[in-house]
K.L.:
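Have a look at this one before I ask anything.
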Amino acid sequence: MLFRRLRGLRAQLLLWTILPFALALTIFSIAGIARHRQAMTDLVIDRDRSLTLASANRLSREIDRRAAELTLVTSAPTPASLLETFPGGVALFDSAGQLVADATPPPAWADRDEARVLAARTAAVGRPQFAGLTDNGGEAGQTLLIGAPAGAGRALIGAIPVESLPLTETGELAGIDHAGAFMILDSTGRRIHHLEHGDSAPDAALFSDLPRPPPGGAGATTLRLPDGQELIVTYAQIESPGWMLVAVEDARSMAAMSISLVEVLPAALLFVALLGLLAVSFGAANVLRPLQELDRRAARVAWGDFDAVKEPVGGVQEMEDLRGTLAQMAERIRNYQSGMRDYLSAVTRAQEEERARLARELHDDTVQSLIALKQRTQMARKVLSNDPARADGRLAEIEQMIDRELGALRQFIGNLRPIYLEDLGFVPALEMLARQIEQQTGLVVAVETQGEIVRLAPDVEVAAFRIVQQALANVAAHAHAEHAWVNIVFGAEMLSLIVRDDGMGFTPPDQPTDLARQGHFGLIGMYERALLYGGQLAITSSPGTGATIAARFPKTD
């Protein structure tokens, strides 16, 4: 008993499902690591984007404040307090961009083209303008020039070295506390200022094509360098001078957070997967291979080798139980085929007998009647000229014979094909069938209808009609019954036909395949008709209680 339980499918599944579980756990762990890393990346990006935007706004407000101080100065000489705000110096220009003579001792940049162009633009626009000044050292935009209108078409230009702006506080505000860099780019993408932590700042050309964020907004992206290094880049626009504040952080510094422990997990899961592989190997020998062998044998059964599943295939106990079930099914198929052969043989005999009967009836009745009609016609023709009254009697006899033969032919044709089924409908056809049975056999047949009467597909109606016809014929021939009832139920999806009687009853077989073996060829024909059109047939009977035949057909158009 213990060995049987160990061979059971439940015990085997507990073993060889370890591998799928381990693989799934490994996949989920790797996916969790990826999600963890992506979540950390998104978190750092959101943080850097917010801090970069705050830093850009702070610098923009500071530059706007200094431009506002410059705008308040409307007369020369320049106040000394303004020189503290603009440590690079202040100079006054006319609307043409020429230095005004009464300006304070002009700084060295006063004769630069950038200063003259800025002064002319400021005087023309009438509001503060900004420009970057390239120093002789070669670093781009190391000085910020701010131009403000000074009245009378003049412009006052103040210079601020970029290093004098509160950039140190901006770098701290941007949160550059890992390996990375913080830089300011001018409107042309040239680097004005940078502050790096760890390695040297990356090349500013990498960020020259960053899209300009909307006013009051910030952008973020990731860049992968040719050497495989991944950078997290957040940027925001400093509105007043049109600069770009860029914070760059190495993704590796972020990925190192709490990742060392989960890196060990795949190795542990790999060990579990190896154990699962061993368990699966054992399970394959006891489940998979016997199942494959059983599949091959089942294929042989499909080709008629019903003994292919008699021998054991090994493996777990459930596999042996399945083989036993297949063996029973194969035996039932063998019995069914044997019964079908008997049924087809009986049907063939019945067809030949029916053809012989039709030939006899046509010869004995129809042909003889036609011969008699011909003789009567010849006799009427002979006496027509000599004795018209007698000829009229002969013609009356001929007319009566024609009427009798027409009635016999109609009944004969109706037995072959119920024409009134097509002309009158399904329910009237069954009612007429019931009246014919009563007239021919004396069996009292009652027909009841339930539900809304609808027409079905012609083939389905013919099959249902033949089932009721065969059922009533069986009652009249074998049941010794006095009454029979036919119930027709039109349901929402099914047509149900119930034929019952008060006859002697019988013991139906357990399996439909045994109907032909016991000689119930009429019942097996009804069963096959029902199956042919997707229906069902049930037989309920016992000795002394009558019989009930119930057929169901799906309502299809």
K.L.:
Which atom names give the shortest non-hydrogen contact between Y235 and A220, and what distance separates them?
P.N.:
CE2-N, 3.8 Å
K.L.:
Nearest 0.5 Å please: distance from the CZ atom of R127 over to the OG1 atom of T122.
P.N.:
10.0 Å
K.L.:
When rounded to the nearest 0.5 angstrom, what is the spacing between OG in S496 and CG in N487?
P.N.:
10.0 Å
K.L.:
Given 3.5 Å as the limit, does a donor-acceptor pair link the side chain of W109 with the main chain of L145, or not?
P.N.:
no
K.L.:
Checking side-chain contact (heavy atoms from CB on, under 4.5 Å) for the pair I160/T85: CA distance, chi angles, key distance, verdict?
P.N.:
CA-CA 8 Å; I160 306 173; T85 304; 5.7 Å; no
K.L.:
Apply side-chain hydrogen bond (donor to acceptor under 3.5 Å, both in side chains) to Q237 and list each qualifying residue two or more places apart in sequence or on a separate chain.
P.N.:
none
K.L.:
Does E239 have any salt bridge (charged side-chain N to carboxylate O under 4.0 Å, His left out) partners at least two apart in sequence or in another chain, and if so, which?
P.N.:
none
K.L.:
Which atoms form the tightest heavy-atom contact between L92 and A150, and what is the distance?
P.N.:
CD1-CB, 3.9 Å
K.L.:
Passes side-chain contact (heavy atoms from CB on, under 4.5 Å), L156 versus V90? Steps please.
P.N.:
CA-CA 7 Å; L156 190 62; V90 177; 3.4 Å; yes
K.L.:
Report the residues that fulfil side-chain hydrogen bond (donor to acceptor under 3.5 Å, both in side chains) with T234, sequence neighbours left out, ordered by chain and then residue number.
P.N.:
T52
K.L.:
D42: which residues meet the salt bridge (charged side-chain N to carboxylate O under 4.0 Å, His left out) condition with it, sequence neighbours left out?
P.N.:
none
K.L.:
Calculate, to the nearest 0.5 Å, the distance between atoms CD1 and OG1 belonging to I45 and T222 respectively.
P.N.:
6.5 Å
K.L.:
Would you sort out whether R154 and V100 count as a side-chain contact (heavy atoms from CB on, under 4.5 Å), showing the intermediate values?
P.N.:
CA-CA 9 Å; R154 296 181 299 177; V100 178; 4.3 Å; yes
K.L.:
Could you please spell out the steps behind the side-chain contact (heavy atoms from CB on, under 4.5 Å) verdict for E69 and R65?
P.N.:
CA-CA 6 Å; E69 290 187 19; R65 183 188 65 81; 2.5 Å; yes
K.L.:
Please report the shortest heavy-atom distance between A123 and A155, naming the atom on each side.
P.N.:
N-CB, 4.2 Å
K.L.:
Within the structure provided, determine whether F93 and L118 are in side-chain contact (heavy-atom separation under 4.5 Å).
P.N.:
no
K.L.:
Flag the pair L70 / P128 as yes when at least one side-chain heavy-atom distance between them is below 4.5 Å, and no otherwise.
P.N.:
no
K.L.:
If we ignore hydrogens and angles and just use 3.5 Å, is the side chain of R121 paired with the main-chain N or O of F130 as donor and acceptor?
P.N.:
yes
K.L.:
With sequence neighbours left out, what residues match D46 under side-chain hydrogen bond (donor to acceptor under 3.5 Å, both in side chains)?
P.N.:
R49
K.L.:
With sequence neighbours excluded, tell me which residues meet salt bridge (charged side-chain N to carboxylate O under 4.0 Å, His left out) with R552.
P.N.:
none
K.L.:
Mind checking side-chain contact (heavy atoms from CB on, under 4.5 Å) for I453 and listing every partner two or more places apart, or none if nothing turns up?
P.N.:
V427, T449, F490
K.L.:
Test of understanding: with side-chain contact (heavy atoms from CB on, under 4.5 Å), list the residues that count as partners of R224, not counting sequence neighbours.
P.N.:
E230
K.L.:
Quick one, I146 and I157 - any side-chain contact, counting heavy atoms below 4.5 Å?
P.N.:
no
K.L.:
For A115 and A110, work out which heavy atoms get closest and say how close.
P.N.:
CB-O, 4.2 Å
K.L.:
Distance from D48 atom CG to S55 atom OG, nearest 0.5 Å?
P.N.:
10.0 Å
K.L.:
Is any side-chain heavy atom of R47 closer than 4.5 Å to one of L51?
P.N.:
yes
K.L.:
What residues, two or more places apart in sequence or in another chain, satisfy side-chain contact (heavy atoms from CB on, under 4.5 Å) together with A96?
P.N.:
D94, Q98
K.L.:
Would you say that I232 contacts V248 through its side chain, given a criterion of any heavy-atom pair below 4.5 Å between the two side chains?
P.N.:
no
K.L.:
Side chains of R66 and L144: closer than 4.5 Å at any heavy-atom pair?
P.N.:
no
K.L.:
Using the side-chain hydrogen bond (donor to acceptor under 3.5 Å, both in side chains) criterion, which residues pair with R529? Sequence neighbours excluded.
P.N.:
none
K.L.:
Indicate the atoms forming the closest heavy-atom contact of P87 with S164, along with that distance.
P.N.:
CG-OG, 4.0 Å
K.L.:
Rounded at 0.5 Å granularity, tell me how far CG in L245 sits from CG in L59.
P.N.:
6.5 Å
K.L.:
Listed by chain and number, what are the salt bridge (charged side-chain N to carboxylate O under 4.0 Å, His left out) partners of E461, not counting sequence neighbours?
P.N.:
R455
K.L.:
Can you measure from CD1 (I238) to CG (N57) and round to the nearest 0.5 angstrom?
P.N.:
9.5 Å
K.L.:
Just to verify, what does D459 make a side-chain contact (heavy atoms from CB on, under 4.5 Å) with, not counting sequence neighbours?
P.N.:
Y533
K.L.:
Does any part of the side chain of L456, heavy atoms only, come nearer than 4.5 Å to the side chain of L495, both counted from C-beta?
P.N.:
yes
K.L.:
If we only count heavy atoms from C-beta on, is the E493 to P554 side-chain gap below 4.5 Å?
P.N.:
no
K.L.:
Could you report the tightest heavy-atom contact between P161 and G88, atom names first, then the distance?
P.N.:
CD-N, 3.8 Å
K.L.:
Any donor-acceptor pair under 3.5 Å linking the side chain of K555 with the backbone of G491?
P.N.:
yes
